[in-house]
Undergrad: 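The structure under discussion is supplied below as structure tokens; questions concerning it will follow.
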Amino acid sequence: MCGIAGIAYFKKQKTVNTTELKLMSTAIAHRGPDDEGIYISSQKDVGLVNRRLAIIDLSAHGHQPMHYLNRYVISFNGEIYNFGEIRKNLQKLGYKFESFGDTEVIMALYDKYKSNCLKYLRGMFAIAIYDTKEETLFLARDKIGKKPLKYILDDQKIVFASELKAILTLKRIIRKVDYNAINSYLVYGYVPSPMTGFMSIKKLEPGHFLQINLKNKQYEMKKYWDIDFSEKLDLSENEWTKKILDTLEESTKLRMISDVPIGAFLSGGVDSSGVVATMAKLSTKPIKTFTISFGDRDLDESVHAGRIAKLYKTDHHILKAKPQSVDLLPYLAKQFEEPFADGSGVVSYMVSKLAKKYVTVALNGDGGDENFAGYPNRYFRLKRDVDWQGVIQKSTALSGMLKHFPKASRFLEKAKMPLYMRFASYNTIFTPNQIPNYENYDDPYKIVKNIFENFKGRDLKDAGLLFDLKYFLPDQLLAKMDIASMAVSLEARSPLLDHKMIELAAKIPFNLKVKNGESKYILKKALEKIVPKQNLYRPKVGFTIPLHKWFSGKLNSYAEGILLSQNSLAKELFGEKKLKIMINDNNKTEDFGPRLWSLMSLTLWHKAYFS
């Protein structure tokens with residue numbers, strides 16, 4: 001696990017210098033405190049940076065940027081879990097290796113297959129390979145977007161990095177707010193790819209590569225992997241549960257390969273409990289587990305986490321969270337580096353900080369909800385909207401006749417919306433009519449519209465899962481975990497996001513994911529063999545801050561101070577009067593907690609990067 005960065009100029013228009021590369025390196029030092037490496041090409045038109053967090057092959061052989069065959073230079077962030085198998089296959093073809101890790105294997109694979117090498121990689125990664133012979137730069141991001149890669153590409157150069165704060169160290173980079181991105185953020189609570197919130201800085205999308213010819217300024221951006229929901233398997237529930245458990249065990253075993261201490265985040269929910277139970281089965285030593293405890297009974301899952309810890313005799317650690325933890329917000333706003341409204345980012349950072357005291361690698365349950373339909377709020381509604389679409393559409397004419405039944409009237413009014421907008425509305429912060437000047441910017445709903453209207457599967461309910469896997473998961477959940485964990489130099493691994501698990505889950509009929517009033521039905525059935533039913537069959541909570549209680553008293557005054565401060569972006573967008581109404585009405589007439597949180601996070605981000 002590392003941080004990477006680099007600069008490459010077209011046609012040798014300019015030269016890179018060590019000072020600039022050092023600044024980029026310093027900006028992402030937290031991602032790799034164990035080693036620093038800088039490479040400058042012989043023509044001084046290409047510079048690569050690497051900050052190393054040593055996980056596998058702790059020797060000097062793992063130093064990056066790494067050279068191979070006197071031709072390739074790589075800066076790589078991530079882990080390739082099947083590198084051992086790939087290494088053996090390449091050795092049979094005559095390739096030789098000096099190191100014992102995965103980095104050198106990637107370069108040999110690239111030498112053999114060029115961009116097609118990506119289909120052989122099982123893991124999480126952001127890769128930059130410079131071919132000194134062809135003068136090409138190859139950038140690639142893993143299939144589901146576990147590892148970030150951001151860049152600026154113009155007619156003179158490309159600048160890239162794991163985190164855009166490294167790009168911003170260059171004085172010639174002009175900072176401008178991308179208001180189209182802000183409009184999308186106000187709807188979703190995160191910035192959808194390829195936007196970042198900054199004009200000209202983009203995210204390389206998951207499952208994509210960017211190949212650049214530095215001699216002629218030609219480049220190709222291509223999708224190399226996608227999720228296919230069109231092929232469904234007709235299996236019994238018992239057959240599905242076996243396949244799920246087998247795949248979980250395989251992907252967990254691969255992610256337990258490490259030369260440094262390893263542990264797991266444990267909330268006590270379905271996904272993390274399944275991962276910890278599987279780890280315990282595969283390990284001869286007690287697994288170190290970490291959880292957060294709140295004073296709020298409704299959100300405190302420490303009892304459920306404790307049940308798993310006791311059952312599998314883990315070395316369990318609990319951190320008690322208190323409201324003053326929100327003092328972390330200005331720091332985290334800078335760390336997250338894009339507008340980010342997920343309050344659980346605070347929790348993720350806190351539990352990562354706790355885990356880092358004991359381990360360098362932590363497994364988690366990310367991906368279970370997106371693969372197996374784990375969000376009741378929107379997947380239950382989506383199932384209803386699709387399965388009963390004909391009846392619902394015929395009933396919309398009655399909406400005006402149900403004035404005395406406001407809930408039914410609102411439902412039928414919403415039913416007049418296109419299906420994709422209805423689905424998106426189940427997980428949004430602000431609606432279009434709540435955002436000032438909404439119509440002046442690009443339509444944030446075009447990404448979900450594109451997913452639904454171009455969906456190639458047989459069951460339109462799967463389109464909702466596809467949207468979450470392509471946007472909500474990488475741009476919110478995985479970005480949160482990457483930034484929160486790497487801020488404390490901790491590597492987070494996700495067995496449920498192994499691409500073989502994703503491909504398997506895509507073949508499972510949606511009606512086995514939401515069934516009998518249960519979300520993640522078939523996953524829970526599979527895990528019944530290793531996880532207590534008290535953990536599987538209970539209301540979903542997740543790692544989150546109790547906003548409705550924390551966002552009052554001192555926090556209300558804190559929010560007011562941020563939102564109404566001088567040069568507040570929230571005040572620029574919404575106006576002081578409307579903000580004051582939101583603040584004063586919080587927890588009274590309407591739950592403005594998530595909206596206030598999103599605006600406060602937006603303003604703190606803006607102050608961190610544009611003040």
Side-chain angles (χ1 to χ4, degrees), residues 233 235-256 262-283 286-291 301-314 316 362-376 379-380 465 468-469 473 477 492-543:
L233 298 182
L235 302 178
S236 68
E237 288 189 9
N238 286 337
E239 289 173 316
W240 275 123
T241 59
K242 185 179 186 307
K243 278 186 174 290
I244 291 168
L245 285 177
D246 288 347
T247 306
L248 177 60
E249 183 170 327
E250 181 186 21
S251 60
T252 301
K253 185 177 182 180
L254 286 171
R255 281 157 182 79
M256 291 177 71
I262 189 168
F265 296 143
L266 177 61
S267 69
V270 175
D271 308 321
S272 65
S273 296
V275 169
V276 168
T278 306
M279 291 176 72
K281 176 183 176 181
L282 295 167
S283 178
I287 301 297
K288 294 184 184 297
T289 52
F290 309 93
T291 194
E301 295 189 288
S302 59
V303 172
H304 304 291
R307 185 182 300 117
I308 298 296
K310 184 178 180 180
L311 177 63
Y312 288 104
K313 298 179 174 61
T314 72
H316 195 49
L363 274 64
N364 62 41
D366 286 353
D369 290 320
E370 293 74 23
N371 277 323
F372 294 96
Y375 301 114
Y379 294 139
F380 283 9
L465 293 173
D468 281 346
L469 285 163
L473 176 70
L477 297 187
R493 299 179 177 180
S494 309
L496 288 165
L497 285 175
D498 189 291
H499 78 267
K500 290 193 176 182
M501 179 65 85
I502 297 169
E503 290 170 349
L504 174 69
K507 292 179 171 65
I508 301 174
F510 187 94
N511 290 337
L512 279 178
K513 296 177 181 179
V514 176
K515 182 179 177 180
N516 297 341
E518 286 291 339
S519 59
K520 290 195 284 198
Y521 172 84
I522 196 63
L523 177 61
K524 291 175 181 177
K525 280 291 181 183
L527 294 179
E528 279 183 3
K529 298 177 181 178
I530 57 175
V531 176
K533 289 187 176 181
Q534 300 100 305
N535 290 72
L536 296 175
Y537 299 102
R538 62 184 181 84
K540 181 177 178 57
V541 180
F543 270 8

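Note that the structure is predicted; figures quoted are calculated from it, not measured.
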Undergrad: Considering all heavy atoms of both residues, which atom of L245 and which atom of K529 are nearest to each other, and what is their separation?
TA: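 Nearest heavy atoms, L245 then K529: CD1-CD, 3.8 Å.
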Undergrad: So, do L497 and L473 sit near enough that their side-chain heavy atoms are less than 4.5 Å apart?
TA: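 They are in side-chain contact.
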Undergrad: What heavy-atom pair brings L496 and G365 nearest, and what distance separates the two atoms?
TA: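 Closest heavy-atom pair between L496 and G365: CD1-O, 3.6 Å.
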Undergrad: Could you tell me whether the side chain of T247 and the main chain of K243 form a donor-acceptor pair under 3.5 Å?
TA: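 Yes, T247 side chain to K243 backbone: donor-acceptor pair under 3.5 Å.
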Undergrad: Do D246 and K242 pass the side chain to side chain contact (heavy atoms under 4.5 Å, CB included) test, and can you show the C-alpha distance, the side-chain angles, and the key distance before you say yes or no?
TA: CA-CA 6 Å; D246 288 347; K242 185 179 186 307; 2.7 Å; yes
Undergrad: Run the side chain to side chain contact (heavy atoms under 4.5 Å, CB included) check on S519 and K513 step by step: do they pass?
TA: CA-CA 6 Å; S519 59; K513 296 177 181 179; over 6 Å; no
Undergrad: Less than 4.5 Å apart, side chain to side chain, heavy atoms only: is that true for T278 and Y312?
TA: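 No. Closest side-chain heavy atoms not under 4.5 Å.
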Undergrad: Do E370 and L477 touch side chain to side chain, with heavy atoms closer than 4.5 Å?
TA: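 Result yes, sub-4.5 Å side-chain heavy-atom pair found.
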Undergrad: Between S302 and T291, does a side chain to side chain donor-acceptor pair (under 3.5 Å) hold up when you go through it step by step?
TA: CA-CA 7 Å; S302 59; T291 194; over 6 Å; no
Undergrad: Of all the heavy-atom pairs spanning L233 and W240, show the shortest one and how long it is.
TA: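 Looking at all heavy atoms of both residues, the shortest contact is O-CZ2, 3.5 Å.
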Undergrad: Is R538 salt-bridged to E301, going by a charged N under 4.0 Å from an acidic O?
TA: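 Here R538 pairs with E301 in a salt bridge, since their nearest N and O are under 4.0 Å apart.
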Undergrad: Check step by step if side chain to side chain donor-acceptor pair (under 3.5 Å) holds for T289 and T314.
TA: CA-CA 6 Å; T289 52; T314 72; 2.8 Å; yes
Undergrad: Which value, rounded to the nearest 0.5 Å, describes the distance between S272 atom OG and H304 atom NE2?
TA: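 Going from OG on S272 over to NE2 on H304, the span is 11.5 Å.
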Undergrad: To the nearest 0.5 angstrom, please state how far the CD1 atom of I502 sits from the NZ atom of K507.
TA: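 It comes to 11.5 Å.
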Undergrad: Given side chain to side chain contact (heavy atoms under 4.5 Å, CB included), test F265 with V275 step by step and report yes or no.
TA: CA-CA 9 Å; F265 296 143; V275 169; over 6 Å; no
Undergrad: Within the 3.5 Å criterion, strictly below it, is a donor on S236 or E239 matched to an acceptor on the partner's side chain?
TA: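 Distance-only check passes for S236 and E239.
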Undergrad: NZ of K288 to CG of L266: how many Å apart, nearest 0.5 Å?
TA: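 Going from the NZ atom of K288 to the CG atom of L266 covers 14.5 Å.
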Undergrad: Taking side chain as C-beta onward, heavy atoms only, is Y537 less than 4.5 Å from P532?
TA: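 No - every pair of side-chain heavy atoms lies 4.5 Å or more apart.
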Undergrad: What's the separation between atom CZ in R493 and atom OG1 in T252, rounded to the nearest 0.5 Å?
TA: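 Here the rounded value is 11.5 Å.
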Undergrad: Rounded to the nearest 0.5 Å, how far does CD of E518 lie from CG of L523?
TA: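 Here the interatomic distance stands at 11.5 Å.
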Undergrad: Determine whether L465 and F510 make a side-chain contact, defined as any pair of heavy atoms from C-beta on separated by less than 4.5 Å.
TA: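 L465 vs F510: side chains touch.
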Undergrad: When you measure from the side chain of S251 to the backbone N and O of L248, does any donor-acceptor pair fall under 3.5 Å?
TA: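 Checked: pair present.
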Undergrad: Can you name the closest pair of heavy atoms from K520 and D271 and give their distance?
TA: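 The pair with the smallest heavy-atom distance is NZ-OD2, 2.9 Å.
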Undergrad: Is the backbone of D366 close enough, under 3.5 Å, to the side chain of N364 for a donor and an acceptor to pair up by distance?
TA: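 Yes; judged by distance alone, with no hydrogens or angles, the pair exists.
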Undergrad: Is a donor on one side and an acceptor on the other found under 3.5 Å between the side chain of N371 and the backbone of G367?
TA: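 Confirmed, N371 side chain pairs with G367 backbone.
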Undergrad: Which residue is it: T241, V514, L527? I am looking for the one with a side-chain contact (heavy atoms from CB on, under 4.5 Å) to I522.
TA: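 By the side-chain contact (heavy atoms from CB on, under 4.5 Å) criterion, I522 pairs with just one of T241, V514, L527: T241.
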Undergrad: Counting only heavy atoms not in K524, do more than 12 fall under 6.0 Å of its NZ?
TA: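 Counting other residues, nucleotides and ligands, NZ of K524 exceeds 12 neighbours.
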Undergrad: Of the non-hydrogen atoms in N535 and S273, which two are nearest, and what is the gap between them?
TA: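 For N535 and S273, the tightest heavy-atom pair comes out as ND2-OG, 3.8 Å.
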Undergrad: Is any side-chain heavy atom of S494 closer than 4.5 Å to one of L363?
TA: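 The answer is no; the side chains never approach within 4.5 Å.
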Undergrad: Applying side chain to side chain contact (heavy atoms under 4.5 Å, CB included) to I530 and K281, what does each step give before you reach the verdict?
TA: CA-CA 9 Å; I530 57 175; K281 176 183 176 181; 5.9 Å; no
Undergrad: Mind checking whether N511 and K515 have side chains closer than 4.5 Å, heavy atoms only?
TA: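 When only atoms from C-beta onward are counted, K515 and N511 do not touch, as no gap falls below 4.5 Å.
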Undergrad: Taking the side chain as every heavy atom from C-beta outward, state whether I287 and H316 have any atom pair closer than 4.5 Å.
TA: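 The answer is no; the side chains never approach within 4.5 Å.
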